[in-house]
Amino acid sequence: MGSSAFGRAVAPRPPAASAPVEPYRIKVVEPIALPAPAEREAALVRAGYNLFNLRSEEVYIDLLTDSGTSAMSDRQWAGLMVGDEAYAGSRNFAHFEATVRELTGIPHVIPAHQGRAAEHLLFGQLAHRGDLVPNNMHFDTTQAHVVRVGATPLNLAIPEAYDCDDPHPFKGNVDLARLEELLAGPSAARVPLVMVTLTNNTGGGQPVSLANLRGVARLCRAHRKPLYLDICRWAENAYFIRTREPGQARRSVRAIGREVADLADGVLMSAKKDGLVNMGGFLAVRDPELAARLKEDLILYEGFPTYGGLARRDLEAISIGLAEAMDERYLEHRVGQVRFLADSLTARGIPIVRPPGGHGVYLDVRRFLPHLAPDRLPGQALVVELYREGAVRGVEVGAIMFDGSAPGSPPPLELLRLAIPRRVYTESHLRYVADVVGRVWDRRAGVRGMRMVEAPERMRHFTARFAPLGAPGVRSPRRRGTRGVSGTG
Ligand SMILES: *Cc1c(COP(=O)(O)O)cnc(C)c1O
């Protein structure tokens with residue numbers, strides 16, 4: 001049950017001459033401006049070289065995340081105006097519940113203020129100290145929630161996921177042989193649930209095939225383990241199934257998404273991704289008893305079950321956004337924008353994760369800055385350099401974000417994610433980003449390493465502070481007064 005059945009390679013494409021034409025026109029604009037080089041330098045110092053600490057006005061093109069940064073449609077904005085802000089029984093909740101039920105076929109719908117709140121509730125009920133939680137690859141908040149309850153996250157993606165060049169079309173797939181080994185082995189009793197993340201954000205936004213999901217579901221049923229899917233990018237995943245998986249081309253993205261959900265005992269979603277909203281999320285489960293317990297926790301941590309930490313108008317915007325994200329013309333443009341940026345970088349010889357995934361382009365830091373050893377934090381060095389060059393904000397997805405708290409898993413890839421917000425930037429913005437990355441690529445040999453000077457215990461990438469090291473070849477000074485920086489360095 002290996003991955004070979006889906007070894008169908010995605011042929012490398014010639015550099016795209018242009019990005020796909022937008023299936024929308026622009027009704028509202030927000031000014032942005034490029035800060036001067038001296039302003040960028042001062043901002044870096046003030047931020048402790050952590051771009052999470054920048055002020056938004058200090059950023060020109062913000063590719064920090066695709067989470068909650070989407071542009072809403074006119075229909076979604078109109079939806080806000082029909083918010084029924086009743087504490088209980090709001091009609092917007094009824095619309096939201098009906099939409100999630102229709103799209104997923106899962107009966108018990110529990111709203112949450114964002115994805116990690118849904119993770120908090122789910123793992124709070126299902127995972128305990130000493131448990132093992134398999135996933136294709138844990139995302140940072142998922143991993144932190146598993147660790148918080150004393151369980152161990154296991155990353156079981158196929159080996160191709162760890163090779164940035166491997167052309168496998170579904171590098172988000174679970175290694176079914178390893179999953180079976182776990183579920184049939186001596187530690188099986190410690191596995192409370194199996195999770196799969198669509199798409200695999202940590203591994204480059206890579207999709208999971210329908211065949212692989214069917215295989216995971218079969219194993220879960222055989223070994224009586226519930227299967228939960230993180231569906232925050234399931235529309236993008238379904239689009240990849242439709243366009244890359246044999247026999248799926250004539251099905252609608254909606255039908256594929258529904259089949260995916262049919263395989264699961266429950267789903268959780270950060271609606272800040274494929275919900276096309278700025279805030280929101282949910283859990284949906286089939287087990288009525290679990291749903292009742294989750295709702296008790298929901299009332300404690302989030303709010304009453306008909307709002308779950310959100311304004312009711314937000315639930316209306318999610319209901320509309322979930323449906324819009326399933327629109328095939330929207331998805332073709334969305335994935336096409338990512339491919340355009342990816343191909344523009346590949347044409348310059350810049351190493352990235354290929355084939356490009358669904359929500360961003362991931363630079364392969366090890367090959368971009370081979371002169372910087374892991375302890376010189378090359379991912380962070382490159383993040384800083386892209387900002388310095390052109391006020392482009394990306395994020396490290398590597399040893400800083402995944403700090404060795406998944407001990408049963410392979411070491412993380414060393415990536416820099418340029419996440420593309422949905423319906424926000426145009427072809428000329430993406431060309432500008434490619435030029436900025438290209439200019440740093442041309443002077444890459446001179447890029448210096450960084451060191452971490454302040455590191456919190458958990459989710460350190462959000463708040464750590466850094467300092468630049470000396471010129472390449474100069475030994476890094478000894479770290480002093482830092483906590484939690486040993487990790488996978
Ligand atoms: C963003 C994300 C989450 C967490 O969602 P938030 O809305 O940011 O709390 C969970 N899993 C994956 C794969 C994500 O990308």
Show your working on salt bridge (charged side-chain N to carboxylate O under 4.0 Å, His left out) between Arg254 and Glu102 and close with a plain yes or no. CA-CA 10 Å; Arg254 250 177 198 257; Glu102 186 195 325; 3.1 Å; yes

Do you see a donor-acceptor pair shorter than 3.5 Å between the side chains of Glu236 and Thr199?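 Thr199 and Glu236 do not have a side-chain donor-acceptor pair below 3.5 Å.
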
Are [X] and [Y] within salt-bridge range, i.e. N to O under 4.0 Å?
X: Asp262; Y: Arg214; answer: no
X: Glu427; Y: Arg431; answer: yes
X: Asp62; Y: Arg393; answer: yes

Can any side-chain N or O of [X] pair as donor or acceptor with the backbone N or O of [Y] at less than 3.5 Å?
X: Arg233; Y: Thr197; result: no
X: Arg423; Y: Ser70; result: no
X: Lys171; Y: Asp166; result: yes

[atom1]/[X] to [atom2]/[Y] distance, rounded to the nearest 0.5 angstrom?
X: Thr69; Y: Tyr425; atom1: OG1; atom2: OH; value: 8.0 Å
X: Leu315; Y: Glu97; atom1: CG; atom2: CD; value: 10.5 Å
X: Glu58; Y: Leu34; atom1: CD; atom2: CG; value: 12.5 Å
X: Leu276; Y: Gln76; atom1: CG; atom2: CD; value: 5.5 Å

[X] atom [atom1], over 12 foreign heavy atoms within 6.0 Å:
X: Tyr432; atom1: OH; value: yes
X: Arg148; atom1: CZ; value: yes
X: Arg348; atom1: CZ; value: yes
X: Arg313; atom1: CZ; value: no
X: Glu85; atom1: CD; value: yes

Identify which one of Arg334, His359, Arg422 satisfies the side-chain hydrogen bond (donor to acceptor under 3.5 Å, both in side chains) criterion when paired with Asp274.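 Answer to the side-chain hydrogen bond (donor to acceptor under 3.5 Å, both in side chains) test with Asp274 among Arg334, His359, Arg422: Arg422.
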
Just say parallel, tilted or perpendicular for the rings of Phe282 and Phe96, cut-offs at 30° and 60°.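 Judged by the thresholds at 30° and 60°, the geometry between Phe282 and Phe96 is perpendicular.
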
Cation over ring face, Lys273 and Phe139, 6.0 Å, 45°: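 Pair Lys273/Phe139 counts as cation-pi.
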
When you compare the side chain of Val353 with that of Gln206, does any pair of heavy atoms fall below 4.5 Å?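 Yes; the side chains approach each other to less than 4.5 Å.
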
Quick one: do Tyr87 and Tyr307 satisfy ring-ring contact (aromatic ring centres under 6.0 Å, His included)? Show the steps, please. CA-CA 7 Å; Tyr87 188 97; Tyr307 70 86; 5.0 Å; yes

